[in-house]
Structures are given as C-alpha cells and as structure tokens.
Peer 1: 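Pasting in a structure now, in structure tokens, and then I'll have a few things to ask.
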Amino acid sequence: MNEWTREGHGGTGAGAITPDGCAVEVYTRLPAGDEPEVVASAVPAGASLLELGCGAGRVTHPLLERGFAVTAVDESPEMLAHVRGARTVHSSIETLDLGERFDAVLLASFLVHAGDVRVRDALLRACRRHVADDGCVLVQREGEDWHERVPRERRAGDALIRIVSAEPDSDPEVSSVRCEYTFPDGTWTQTFRSRRLSGEEFERALAGAGLAVDAYLTEDRTWVRALPVR
C-alpha cells in the first residue's frame, strides 16, 4: 500500500494501489485500446511526447513502437517500474516542471475531471508550461452522460470493466465513482471523484490555463486537441 491516498480515492485487490486508487496489476494487463491511434493521428510522426499519468505504460509502449520519443510521468513508482524504453519521471503532474517543452503533451485517463478544481487547473497549467509554442495538448474527457448512464460495462481484453455507481459527493457537480475490473483470476476496484464538465465548462477550464480547443478528434468528442494561446 502507499503512504498516502488522494482524498476520496481508493482501491482494492492484490498488489500495489496508487494514490488515486488504481491497481497496478490491472494496468499491466489492460490492452491499449484505440488511444495510440488517436494520438498518432493528431501529432506529427516522430514528435516528442510528454505523457502525464502514464501508469504502467499501457499507451506508452505502443507510442514508442510508432516512433515517438516519449517522456513518461507518473506519481506511482510501482507503475513506472513497468515502463520500458521511455524516459521516466517520478512526479505528481500538478508540481511537474521539467524546464522543457514538447511537441505534444498527453493528458489521458479522464484526469481533467479531477474532483478538486484546484487540482484540475494545476494539471492544465502543467500541460501549458510543457507544450511548445507550435505544439499541442491532447486531452481525454468523459462522455456527456457518463455520470447518469450507470451501471454500464465493457470488455477490454479478458477483463470486464464495470462502472458500478456514480453517487453524489458533497459538491453537487462531483460524483464518487466506483469501478470494478474483473479478470478470470480476480477482481480489483477503484473509487474516485469525478467532476462533471460540460463542453463550455471544459473550454473555459482550458482557457484559464492558456489553451484553446483546436479540434475534437473523435465522434463522441472525448478526445480533444488544444493549442497554446500566445
């Protein structure tokens, strides 16, 4: 177990659990899905990428295979221990300041929906200070109805991922979300706080960090390319 846990977050199951409730074992098993293709279609070939919240390298490794130069950041050393081939940095995203700029910065895993507005804004400011003036930031956001459409489930490789509940938090715009990952040999859970963000609210949050939407990259508008505002 970790020495500290983010407020409102937690997890259960075998192995290490990260501060935000993720089970390391789960993320060593899950397939990459379509994320590498989305990224590859949105940035130039061979670009330098800063991946914020890389986890165990689920997306990192396919991006490396596509020829990108990846710097992978995570606050969990247990996660980073599984990353191969990338430069790794052990740090929280909010406090990260590498003194470098990248062709693209990747903020996936719905991190932009952090329950604490101060955390969300710090995440976006980290994106802004690390993106080149002619670069871009790729953000993954939730679907518009995800807090209401529960329970729901999907298959990912040999795992059944089930969003069990999204219960009201003390803040009416925040839900306490419980997720289950069931594999043939075990089940892990994660509980986390997620803030609703309409399209307008999302774009205002970007603007507050000096970013602006360039394009919605997927039909469901969950992947966004933002550009730095000069």
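Residues take their numbers from the sequence shown, with the count starting at 1.
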Peer 1: If you measure from the Lys or Arg side-chain nitrogens to the Asp or Glu carboxylate oxygens, is any gap between Asp20 and Arg6 under 4.0 Å?
Peer 2: no
Peer 1: Evaluate the side-chain contact (heavy atoms from CB on, under 4.5 Å) criterion for residues Leu197 and Glu142: first the C-alpha distance (whole Å), next the side-chain angles of each, then the deciding distance (0.1 Å), finally the verdict.
Peer 2: CA-CA 8 Å; Leu197 274 179; Glu142 294 176 347; over 6 Å; no
Peer 1: Once you measure the plane-to-plane angle for Trp146 and Phe110, does it fall in the parallel (<30°), tilted (30-60°) or perpendicular (>60°) bin?
Peer 2: perpendicular
Peer 1: Looking at side-chain heavy atoms only, is the closest gap between Ser91 and Leu96 below 4.5 Å?
Peer 2: yes
Peer 1: State plainly whether one hydrophobic cluster holds both Leu49 and Val105, where clusters connect Ile, Leu, Val, Met, Phe, Trp and Tyr through side-chain heavy atoms under 4.5 angstrom apart.
Peer 2: no
Peer 1: Walk me through it: do Tyr27 and Val24 pass the test side-chain contact (heavy atoms from CB on, under 4.5 Å)?
Peer 2: CA-CA 5 Å; Tyr27 282 88; Val24 174; over 6 Å; no
Peer 1: Could you pull out all residues at least two apart from Glu219 that satisfy side-chain contact (heavy atoms from CB on, under 4.5 Å)?
Peer 2: none
Peer 1: Find out if a path of hydrophobic residues (ILVMFWY) with successive side-chain heavy-atom gaps under 4.5 Å connects Leu217 to Val59.
Peer 2: yes
Peer 1: Spell out, as yes or no, whether a donor-acceptor pair under 3.5 Å connects the side chain of Thr218 to the backbone of Trp223.
Peer 2: yes
Peer 1: Measuring only between side-chain heavy atoms, which start at C-beta, is Glu75 closer than 4.5 Å to Ile93?
Peer 2: no
Peer 1: Do Phe192 and Val26 belong to the same hydrophobic cluster, where Ile, Leu, Val, Met, Phe, Trp and Tyr are linked whenever their side-chain heavy atoms lie under 4.5 Å apart, directly or via other members?
Peer 2: no
Peer 1: Measure the shortest side-chain to side-chain distance between Val73 and Glu51 over non-hydrogen atoms and say whether it is less than 4.5 angstrom.
Peer 2: no
Peer 1: Just checking Glu148: does its CD atom have more than 12 heavy atoms from other residues, nucleotides or ligands closer to it than 6.0 angstrom?
Peer 2: yes
Peer 1: Would the distance check show the side chain of Glu94 and the main-chain N or O of Ala122 forming a donor-acceptor pair, the cut-off being under 3.5 Å?
Peer 2: no
Peer 1: To the nearest 0.5 Å, tell me how far Gln190 CD sits from Tyr181 OH.
Peer 2: 5.0 Å
Peer 1: Might you point out which heavy atoms bring Leu64 and Gly85 nearest each other, and give the distance in Å?
Peer 2: CD1-C, 3.7 Å
Peer 1: Of all heavy-atom pairs between Ala72 and Thr60, which one has the smallest distance, and what is that distance?
Peer 2: CB-CG2, 4.2 Å
Peer 1: Check whether any side-chain heavy atom of Leu107 lies under 4.5 Å from a side-chain heavy atom of Cys127, and answer yes or no.
Peer 2: yes
Peer 1: Any link between Leu123 and Phe202 through a network of hydrophobic side chains (Ile, Leu, Val, Met, Phe, Trp, Tyr) touching at under 4.5 Å?
Peer 2: yes
Peer 1: Between Arg128 (side chain) and Leu124 (backbone), is there a donor-acceptor pair under 3.5 Å?
Peer 2: no
Peer 1: For residues His90 and Leu80, report the shortest heavy-atom separation together with the two atoms involved.
Peer 2: CA-CD1, 3.5 Å
Peer 1: Just checking, is any N or O donor in the side chain of Ser76 or Glu78 under 3.5 Å from an acceptor N or O on the other one?
Peer 2: yes
Peer 1: Which pair of heavy atoms, one from Ala114 and one from Val119, lies closest together, and at what distance?
Peer 2: CB-CG1, 3.9 Å
Peer 1: Do Glu35 and Arg58 sit within salt-bridge range, that is, some charged N less than 4.0 Å from a carboxylate O?
Peer 2: yes
Peer 1: State whether a side-chain donor-acceptor pair under 3.5 Å links Asp220 with Thr222.
Peer 2: yes
Peer 1: Main chain of Ser194, side chain of His113: is a donor-acceptor contact present, judged purely on distance under 3.5 Å?
Peer 2: no
Peer 1: Before giving the answer on side-chain hydrogen bond (donor to acceptor under 3.5 Å, both in side chains), spell out for Ser175 and His147 the whole-Å C-alpha distance, their side-chain angles and the decisive distance to 0.1 Å.
Peer 2: CA-CA 7 Å; Ser175 296; His147 289 243; 2.7 Å; yes
Peer 1: Taking the basic N atoms (NZ, or NE/NH1/NH2) and the acidic carboxylate oxygens, is any pair closer than 4.0 Å for Arg101 and Asp133?
Peer 2: yes
Peer 1: Between Asp171 and Arg193, is there a side-chain N and carboxylate O pair less than 4.0 Å apart?
Peer 2: no
Peer 1: Do Val83 and His61 come within less than 4.5 Å of each other through their side chains, counting heavy atoms only?
Peer 2: yes
Peer 1: What distance separates Glu25 CD from Leu30 CG, expressed to the nearest 0.5 Å?
Peer 2: 10.0 Å
Peer 1: Is the backbone of Arg149 close enough, under 3.5 Å, to the side chain of Arg152 for a donor and an acceptor to pair up by distance?
Peer 2: yes
Peer 1: Looking at Arg221, is its backbone amide N or carbonyl O close enough to the side chain of Arg141 to form a donor-acceptor pair, meaning the two atoms are under 3.5 Å apart?
Peer 2: yes
Peer 1: Charged N to carboxylate O below 4.0 Å: is that the case for Asp169 and Arg196?
Peer 2: no
Peer 1: Before you tell me yes or no, could you show the steps for Thr95 and Asp97 under side-chain contact (heavy atoms from CB on, under 4.5 Å), namely the whole-Å CA-CA distance, both residues' side-chain angles and the distance that decides it to 0.1 Å?
Peer 2: CA-CA 6 Å; Thr95 60; Asp97 192 350; over 6 Å; no
Peer 1: List the steps and the verdict of side-chain hydrogen bond (donor to acceptor under 3.5 Å, both in side chains) for Glu180 and Thr182.
Peer 2: CA-CA 6 Å; Glu180 292 180 353; Thr182 301; 4.7 Å; no
Peer 1: Counting only N and O atoms by type, is there a donor-acceptor contact under 3.5 Å from the side chain of Arg195 to the main-chain atoms of Gly115?
Peer 2: yes
Peer 1: Does a side-chain heavy-atom distance below 4.5 Å link Val89 with Asp74?
Peer 2: no
Peer 1: Group every Ile, Leu, Val, Met, Phe, Trp and Tyr by side-chain heavy-atom contacts under 4.5 Å, then state whether Leu52 and Leu138 land in the same group.
Peer 2: no
Peer 1: State whether the number of non-hydrogen atoms from other residues, nucleotides or ligands found under 6.0 Å of Glu201 atom CD is greater than 12.
Peer 2: yes
Peer 1: Taking Ser48 for the side chain and Asp103 for the main chain, is one N or O donor matched with an acceptor at less than 3.5 Å?
Peer 2: yes
Peer 1: Can you name the residues that form a ring-ring contact (aromatic ring centres under 6.0 Å, His included) with Phe183, not counting sequence neighbours?
Peer 2: Trp188
Peer 1: May I ask you to test the Cys136-Val43 pair for a side-chain heavy-atom distance under 4.5 Å?
Peer 2: yes
Peer 1: Give me the atom names and distance for the closest heavy-atom approach of Leu211 to Val229.
Peer 2: C-CG2, 3.8 Å
Peer 1: Between Val177 and Ser165, is the side-chain contact (heavy atoms from CB on, under 4.5 Å) condition met? List the steps.
Peer 2: CA-CA 6 Å; Val177 180; Ser165 60; over 6 Å; no
Peer 1: Are the side chain of Asp214 and the backbone N or O of Ala226 linked by a donor-acceptor pair below 3.5 Å?
Peer 2: no
Peer 1: If you compare all heavy atoms of Leu50 against all heavy atoms of His130, which two are closest, and at what distance to 0.1 Å?
Peer 2: CD2-CB, 3.5 Å
Peer 1: Start with the C-alpha gap between Glu7 and Arg118, add the side-chain angles, then the distance that decides, and say whether salt bridge (charged side-chain N to carboxylate O under 4.0 Å, His left out) holds.
Peer 2: CA-CA 13 Å; Glu7 183 179 358; Arg118 295 168 299 180; over 6 Å; no
Peer 1: Do the non-hydrogen side-chain atoms of Cys22 and Met79 ever get within less than 4.5 Å of each other?
Peer 2: yes
